[in-house]
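Contents: one structure, followed by commentary.
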Amino acid sequence: MKKLMIGNAAIARGAYEAGATVATAYPGTPSTEIVSNFAQYEGVYAEWSPNEKVAMEVGAGASIGGARTLVAMKHVGVNVAADPLYTFAYTGVNGGLVIVSGDDPGMHSSQNEQDNRGYGRFAKLPVLEPADSQEALDFTRMAFNLSEEYDTPVMLRVTTRLAHSQTMVEEGERTDLPLKDYEKNAAKYVMLPGHARMRHIEVEKRMLKLGEYAETTPLNSIEWGSKEVGIITSGVVYQYVKEVLPEVSVLKLGMTNPLPQNLIKSFAEQVDRLIIIEELEPVIEEQVKSWGIKVEGKELFSLLGEYSPEMIEAKLGQAKPVRSYGLDKEIPARPPLMCPGCPHRGVFHTLHKMKLAVMGDIGCYTLGALSPLDGMDACICMGASIGSAMGMEKARGEDFASKTVAVIGDSTFVHSGITALIDVVYNQGTSTVMILDNDTTAMTGHQEHPGTGMTIRQQATNKLDIEGLVKAVGVKNIRIVDPLNLVELEATLKEELNRREPSVIITKRPCVLLDKIPNTVKYYVDEELCKGCKLCLKVGCSGIYFIEEDKKAVMHASCVACGLCPQICTFDAIKKVEG
Amino acid sequence: MQSQTTDILIVGVGGQGTLLTSRIIAQVAVQLGYDVKVSEVHGMAQRGGSVVTQVRYGKKIYSPIIKKGEADVILAFEKIEAARWLDYLKADGMVIINNERVNPLPVMSGKAKYPEDIHEKVAALVEKTVVVDATDIAARCGNVKAANVVLVGILSQAIGLPVEEVEKAIRAIVPGKALEVNQEAFREGRKLLEQTV
Ligand SMILES: Cc1ncc(C[n+]2csc(CCOP(=O)(O)OP(=O)(O)O)c2C)c(N)n1
């Protein structure tokens, strides 16, 4: 029986059916649900790795060890995993290995919109692009076969719209495969220059063979319609084309690296006008043009953002004019924000108040950059906060460093903050680093990590002692504070900023969404005492709001009584409900 | 089975439970034998941002996202979100608005005003506008969190989904202990539209 599944669940199912027994990942939207779903199956191993590089390396080891292995990450995660990935592309596999890249055109939840099909070309990997959940399942199964047949890791490239859309899926049976034999083979797996030179020859041979495979594989197919227009497309964009241009001929590419040169040439010859529709980079277009084929692409469609059916209809179809009510222009934007009771709010309120330069990092706390908290100066990628604070100091001196903090979440610190902290100690920086320990990876939906002491299956395991780790790195000044105790937080920050030595302040309080015990405390605003000064609104919390007509603040039903705004109110107007 | 496609846009604020509503509606469409696609929002916007979930069903569905000017129904969990997405509504489409206000960040920080009367403006522009107090109704049923199922009741009535099929989907999707309150909430929602339209 068919059922609805998001693309990510279908990928997990495909890997399971293909007989995969190991899966590794570091969470990241839009890839997170792949391995969390895989972990639901019995008799398989799944882990949250500390970062994508480790996920890739554990994956490589499992593959060399003979297991079919799934590795998943978001697009920018592949940057972190790139080092092992490129060279694993040389060694090739033993058990099949499929790496899923979750790309995010439109940056729904990302800091850039790089097109990871580029990795396929750069690292010389076959790249498959499914267009719905059924294909996500089927292509994943095929990818494992391809991986073993051509002795290569295979990239399955998905986008947010595919990963998070539910479409109908028919599940199959799992093939239980015996583990492949493991034999020591240094020439294949030890990438010394002498060995690697030999392997590079294999890589190039393999790409030629894959090029031949691409010509005939059912992954690539032509749906003939009118020959006036021929469209080449892949992934979910194929669905938009079918939706708005039902009459055209379509060459649907399920495999976008290497490309089927002859198939494309013959398609091009048979249509009057050839158009390539691909989100983001002209990956297919540039290759097709290099073969001397006349084709339109990026002159019609943007390099930016996510595509939509109406975008394609507007350029090539018969778009009806859409009536606009214009109301969307009258209403305020609604960016994401910290939840009521979020422990990060206390931190950013304080940093803003102290007018510090804040080198930020990625997580829920990045929302501290938005007004009214306005508490961040820079944020580049996961782990960048500590290194960039160190760089600021080396550029502008220690006095500037005494007004600068690095702010990093617990999961991010484990992911890629540790080495930069070692740099601060080793190269005699004086940075003040805040590790915001909320006992989870909140931004991506509350995954466990080494510091939570729980596995992906919610089983207790060895817990990383972050404080002990910081000490071992050589930091002498370590302070633990409650981020919602504003007086203590500010005093601690002042002391540590003035110190001409590295310090780490660990703020400890679990993410409010994890707190299952309902808070029995409730607050109200005393109308007599409230002067309507709006100071309480400076924390940017949806748990308190202001009624303009009455010139009074009131608590909203979403308040969880974290106690932050009562500390800010200078008139003591926010009071506990007695009894 | 109808031959055309039904397009439903479910909009709200991250954390309000739009996903559950879309999953129930989609499940009903599956039970009725339709091809179904649902586009969900996970990730950053779930932290209090503006979220949109799209449900499409019919004989054969290609795109998981709805074109502007094509939605049969917009179901808004929050007032200004109805206005934000209104251009997606088709000419004779219906807007169902939960009379709930959630302040967005620019309003909190004093940079913008919350347009209190926005649902009236929508009603002035769109003939088939229904405004409901789903949160109050859910509270009367025993749990404010069941507001999204009150809205399922209204929506399913609006697009003509059979009661038994929706109840079956709710049983399949809503966890055991919350089931009773949710069934009650569903029936109340269903009744509401019978009275209004
Ligand atoms: C290389 C990379 N991998 C994954 C992500 C996705 N991602 C964004 S923030 C984050 C983790 C946040 O966890 P933490 O640092 O504990 O902060 P919290 O959200 O809990 O406040 C992840 C996994 C990313 N942006 N970049």
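Please read all numbers here as calculations on a predicted model, not as lab measurements.
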Taking side chain as everything from C-beta outward and backbone as N, CA, C, O, which of these in [X] sits under 4.5 Å from a heavy atom of chain A? Side chain, backbone, both or neither.
X         : value
Val36(B)  : both
Gln46(B)  : neither
Val102(B) : both
Gln31(B)  : neither
Lys90(B)  : backbone

Between [options], which has the largest tally of heavy atom pairs under 4.5 Å with chain B?
options                                    : answer
Cys342(A), Pro335(A), Ser110(A)            : Pro335(A)
Leu337(A), Val241(A), Val322(A)            : Leu337(A)
Ala131(A), Ala333(A), Cys339(A), Gly326(A) : Ala333(A)
His108(A), Met168(A), Lys329(A)            : Met168(A)
Cys541(A), Ala557(A), Pro30(A), Ser558(A)  : Cys541(A)

About how many Å separate [atom2] of [Y] and [atom1] of [X], when rounded to the nearest 0.5 Å?
X         : Y         : atom1 : atom2 : value
Tyr62(B)  : Lys242(A) : OH    : NZ    : 4.5 Å
Glu330(A) : Ile118(B) : CD    : CD1   : 5.5 Å
Leu105(B) : Ser542(A) : CG    : OG    : 9.0 Å
Thr32(A)  : His42(B)  : OG1   : NE2   : 10.0 Å

ask   = Is Glu81(B) paired with Arg334(A) through a side-chain N to carboxylate O contact shorter than 4.0 Å?
value =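 A salt bridge links Arg334(A) with Glu81(B).
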message = Salt bridge or not between Glu243(A) and Arg56(B)? Use side-chain N to carboxylate O under 4.0 Å.
response =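 Yes, charged N to carboxylate O under 4.0 Å.
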For chain A, find which of [options] contributes the most heavy-atom pairs closer than 4.5 angstrom.
options                                 : result
Leu86(B), Thr53(B), Asn103(B), Leu89(B) : Leu86(B)
Gly15(B), Gly14(B), Ala112(B), Ala91(B) : Ala91(B)
Pro115(B), Gly43(B), Gly69(B), Ala83(B) : Ala83(B)
Lys113(B), Gln27(B), Met108(B)          : Met108(B)

Under 6.0 Å from the [atom1] atom of [X], do we count more than 12 heavy atoms belonging to anything else shown?
X         : atom1 : answer
Lys315(A) : NZ    : no
Gln318(A) : CD    : no
Glu180(B) : CD    : no
Lys60(B)  : NZ    : yes
Glu127(B) : CD    : no

Measure [X] against the heavy atoms of chain B and call it side chain, backbone, both or neither at under 4.5 Å.
X         : answer
Leu367(A) : side chain
Val237(A) : neither
Val236(A) : side chain
Ser109(A) : both
Leu373(A) : neither

query = For Ile80(B) and Pro332(A), which heavy atoms make the closest approach, and how far apart are they?
reply =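 So the two residues come closest at CD1-CG, 4.1 Å.
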message = Looking at every heavy atom in both Glu40(B) and Gln166(A), which two are closest together, and how far apart are they?
response =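 Minimum heavy-atom separation between Glu40(B) and Gln166(A): OE2-NE2, 2.6 Å.
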Heavy-atom side-chain contact between [X] and [Y] under 4.5 Å:
X         : Y         : value
Lys3(A)   : Val30(B)  : no
His164(A) : Val41(B)  : no
Pro64(B)  : Tyr240(A) : yes
Met443(A) : Met44(B)  : yes
Lys121(B) : Leu327(A) : yes
Arg47(B)  : Met338(A) : no
Ser39(B)  : Arg161(A) : yes

[X] side chain vs [Y] backbone, donor-acceptor pair below 3.5 Å:
X         : Y         : answer
Asp87(B)  : Tyr325(A) : yes
Thr167(A) : Lys37(B)  : no
Glu310(A) : Lys68(B)  : yes

ask   = Any side-chain donor paired with an acceptor under 3.5 Å for Lys67(B) and Ser308(A)?
value =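 Not at all, the side chains of Lys67(B) and Ser308(A) share no donor-acceptor pair under 3.5 Å.
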